[in-house]
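Have a look at the structure below, then the notes.
We use all heavy atoms of the structure for the numbers below, so side chains are in, but hydrogens, waters and symmetry mates are not. Count residues from 1 along the sequence.
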Amino acid sequence: MKFHSEREALTLELHDRPFRPMAAPLRVSHLAIATGERGGERDHAQFAALCRRYGKAEPAAGAKHFTVDLGPFTVKWERHTEFSTYTLLREEPVGQPFDETVFALVPAEWRDGLYGEVMVALHLTVTADGGDPPNSDGADGNRLSRWFAGNPVFGCALADGSARLYGDLRTHDDGFERLLLRAAGFEPVLLGQLVQRVLELVTYARFAMLSLPIARAASPRLEGIERGLAEVAGTLADAGRGESDEALLDRLSGHSAELEDVVAASNYRYGASTAYAEIVDNRLRDLQPAALDGHINLVGYLMRRLSPAMRTCASVAARQEALSRRANRLSSLLRTGIEVRLEAQNRDLLESMNRRSAQALALQRTVEGLSVVAVSYYAIGLVKVVLEGLAKAGRLGEVSPTVATALAVPVVVAAIWLGLRRLTHRVLEKPRAE
């Protein structure tokens, strides 16, 4: 059998980025660093340097994910299209959820040399207590307020009420956000799946929001372009406009170039944000968060700004597309008008050329007639001289030279006229043949 060249790669893709088994209690520090689409090699080299520092195996060249136990902590590295994530894990008893963090164990020189821009920095603490009401284990409002620095805390039940998630989605003094997951009775694989989905939910929600500043910055520029296109359309509609077609075309080209600059700067970002927002929706369906009494609901807390942001980006993207079509229509109208005027000028030029050709032909015929007369006059003069010479020599007999000359006039004129006409036809037919 002949197997497809991509068969094995596609089969392995189904098993790519597996869930790592985890056991509570544990601490997690999660980083998502934007490095761009071309930052994969530097990300790989950066993570490989961390593995070498602890004497551990490095990821293979071209690897997109790798998990390694470095001793003090376990780190899972994943390379995505435009960013990389580092998930640091340490299974240990938890007293105060955020007094100690896994990220504090990372070597300072490696941490300070991280390449790229951090988009998500998150501490997640997983405790082994169950999904009972918070007051039953002391995780009451006062403790939650203290753990989350007095910020409003959302709370929701996950996995049919088997786990509870608390957080504030705010940046604390160390630059990290905080989440607390209370889960008990979970198998390691299921707990690893739950933790990874929570981390992905926060990560993709943040990257989905990345297009909002671009949309806000593009809106004033689009408004200016829209006004400019409206002015061009109004000028085109004015039959007695004083502005030349060249000036209008320059204005329209300037607006179109600026519009293309806006589209080039935002089009990819809008598409990526749409894809990230779809992943967020999928993760919310997987987690099935349910509201807890006395707490803000996670769905409302997260989607309160994410949904309007995505609608804003979609609106700006649709506006860009509409302006592009409008600019194309105006360009077509202007170019059509220019072509019509050029055709009218060409028509007038051809008519002028036809008139000049007719005048030249009439002048040519006049000159041809005058040429016949002039040549005939000199030819008859020569004939008369010849006849007078023959008369003196006695060669004409009784015929008078004057009479003979008069009889020769019609013959000479006709011969010269026919000769000039044939020569004219020959000259005119030669270029056609060529």
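For H123 and F98, the ring centers sit 6.0 Å or farther from each other. Between Y166 and F148, the distance from one ring center to the other does not fall under 6.0 angstrom.
Of all non-hydrogen atoms in P59 and C51, the two that sit nearest each other are CD-SG, 4.3 Å. In this structure, D168 and P152 approach most closely via the heavy-atom pair CB-O, 3.5 Å. Nearest approach of L191 to A183, heavy atoms of both residues: CD1-CB, 4.1 Å. Considering every non-hydrogen atom in both S273 and S211, the closest pair reads OG-OG, 2.8 Å. Residues A205 and V280 share a closest heavy-atom pair of N-CG2, 3.4 Å. Considering all non-hydrogen atoms of both residues, A208 and A277 come closest at CB-N, 4.0 Å.
For R335 and S331, the side-chain atoms include at least one donor-acceptor pair closer than 3.5 Å. No side-chain donor from either of R20 and T67 sits under 3.5 Å from a side-chain acceptor of the other. For the 3.5 Å distance criterion, the side chains of E82 and T35 fail to qualify, holding no donor opposite an acceptor. Between the side chains of Q96 and W147, at least one donor N or O lies within less than 3.5 Å of an accepting N or O. With 3.5 Å as the limit, one finds a donor-acceptor pair spanning the side chains of T203 and H30.
Taking 4.0 Å as the cut-off between side-chain N and carboxylate O, K76 and E78 count as a salt-bridged pair. A salt bridge links E109 with R53; the closest basic N to acidic carboxylate O contact falls under 4.0 Å. For R319 and E223, the salt-bridge test fails: no basic side-chain N is under 4.0 Å from an acidic carboxylate O.
Contact annotation: the side chain of L284 approaches that of P289 to within less than 4.5 Å [non-hydrogen atoms, C-beta and beyond]. Residues L259 and S324 have side chains in contact (heavy-atom distance under 4.5 Å, counting atoms from C-beta outward). Using a 4.5 Å cut-off on side-chain heavy atoms (C-beta onward), D43 and I33 make no contact. At a threshold of 4.5 Å between non-hydrogen side-chain atoms, the residues R283 and I279 count as touching. At a threshold of 4.5 Å between non-hydrogen side-chain atoms, the residues T235 and L248 count as touching. Here the side chains of L302 and L169 are in contact, with some heavy-atom distance below 4.5 Å. Between L181 and V195 the shortest side-chain heavy-atom distance falls below 4.5 Å. When side chains are defined from C-beta on, T125 does not count as touching V28, because their heavy atoms never get closer than 4.5 Å.
In this structure, CD in E246 is found 9.0 Å from CG in L334, a value given to the nearest 0.5 Å. With rounding to the nearest 0.5 angstrom, the CG atom of L122 is 6.0 Å from the CG atom of L124. Taken from CG in L212 to CZ in R269, the straight-line distance is 12.0 Å, to the nearest 0.5 Å. Here the CZ atom belonging to R79 is positioned 10.0 Å from the CD atom belonging to E41, to the nearest 0.5 angstrom. How far CZ of F154 is from CG of L144: 11.0 Å, rounded to the nearest 0.5 Å. With rounding to the nearest 0.5 Å, the separation of CG in L298 from CG in L201 is 6.0 Å.
For the pair N282 (side chain) and E278 (backbone), a donor-acceptor distance under 3.5 Å is present. N267 places no side-chain N or O within 3.5 Å of a backbone atom of V263 that could act as its donor or acceptor partner. The main-chain N or O of R304 is never found under 3.5 Å from a side-chain atom of S307 such that the two would form a donor-acceptor pair. Judged by distance alone, with hydrogens and angles left aside, the side-chain atoms of R90 form a donor-acceptor pair with the main-chain N or O of P72 at under 3.5 Å. Between the side chain of R27 and the backbone N or O of E100 there is at least one donor-acceptor pair closer than 3.5 Å. One N or O on the side chain of S29 and one on the backbone of F103 form a donor-acceptor pair closer than 3.5 Å. At least one donor-acceptor pair closer than 3.5 Å links the side chain of W110 to the backbone N or O of Q46. In this structure a side-chain-to-backbone donor-acceptor pair under 3.5 Å is present from T336 to S332. A distance-only check finds no donor-acceptor pair linking the side chain of S84 to the backbone of H80 [under 3.5 Å].
For Y268, the OH atom sits in a packed shell: over 12 heavy atoms of surrounding residues, nucleotides or ligands are nearer than 6.0 Å. More than 12 heavy atoms of other residues, nucleotides or ligands lie within 6.0 Å of CZ in R111, so this atom counts as buried by the packing criterion. More than 12 heavy-atom neighbours from other residues, nucleotides or ligands sit within 6.0 angstrom of CD on E92. Crowding of E117 atom CD: a count of heavy atoms from other residues, nucleotides or ligands under 6.0 Å not exceeding 12. The neighbour count for D112 CG, taken as heavy atoms of other residues, nucleotides or ligands under 6.0 Å away, is above 12.
The aromatic rings of Y204 and Y276 sit tilted relative to each other, their planes meeting at an angle between 30° and 60°. In this structure, F83 and F207 have parallel ring planes: the angle between them is below the 30° cut-off, well short of the 60° mark. Using a 30° and 60° split on the angle between ring planes, Y86 and F47 fall in the tilted class, from 30° to 60°.
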(message) Determine whether L194 and L158 satisfy the following criterion, side chain to side chain contact (heavy atoms under 4.5 Å, CB included), listing intermediate values before the conclusion.
(response) CA-CA 9 Å; L194 180 63; L158 305 179; 4.1 Å; yes

(request) Evaluate side chain to side chain donor-acceptor pair (under 3.5 Å) for S266 paired with Q320, printing each intermediate quantity in order. (result) CA-CA 10 Å; S266 60; Q320 290 178 180; 3.0 Å; yes

(request) Dump the intermediate steps for side chain to side chain contact (heavy atoms under 4.5 Å, CB included) on L88 and T74, then the final yes or no. (result) CA-CA 6 Å; L88 291 74; T74 299; over 6 Å; no

(request) Verify side chain to side chain contact (heavy atoms under 4.5 Å, CB included) between L252 and L229, making sure each step is shown before the conclusion. (result) CA-CA 7 Å; L252 183 57; L229 293 178; 3.6 Å; yes

(message) Please determine whether side chain to side chain contact (heavy atoms under 4.5 Å, CB included) holds for the pair S145 and V153, giving the CA-CA distance in whole Å, both sets of side-chain angles, and the decisive distance to 0.1 Å.
(response) CA-CA 7 Å; S145 178; V153 178; 6.0 Å; no

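Cation-pi geometry between R42 and Y115 is met: under 6.0 angstrom from the ring centre, within 45 degrees of the axis.
By the side-chain contact (heavy atoms from CB on, under 4.5 Å) test, S352 pairs with R355, R356, sequence neighbours left out.
Results of the side chain to side chain donor-acceptor pair (under 3.5 Å) test with E177 over R206, R170, H172 single out R206 as the only residue that passes.
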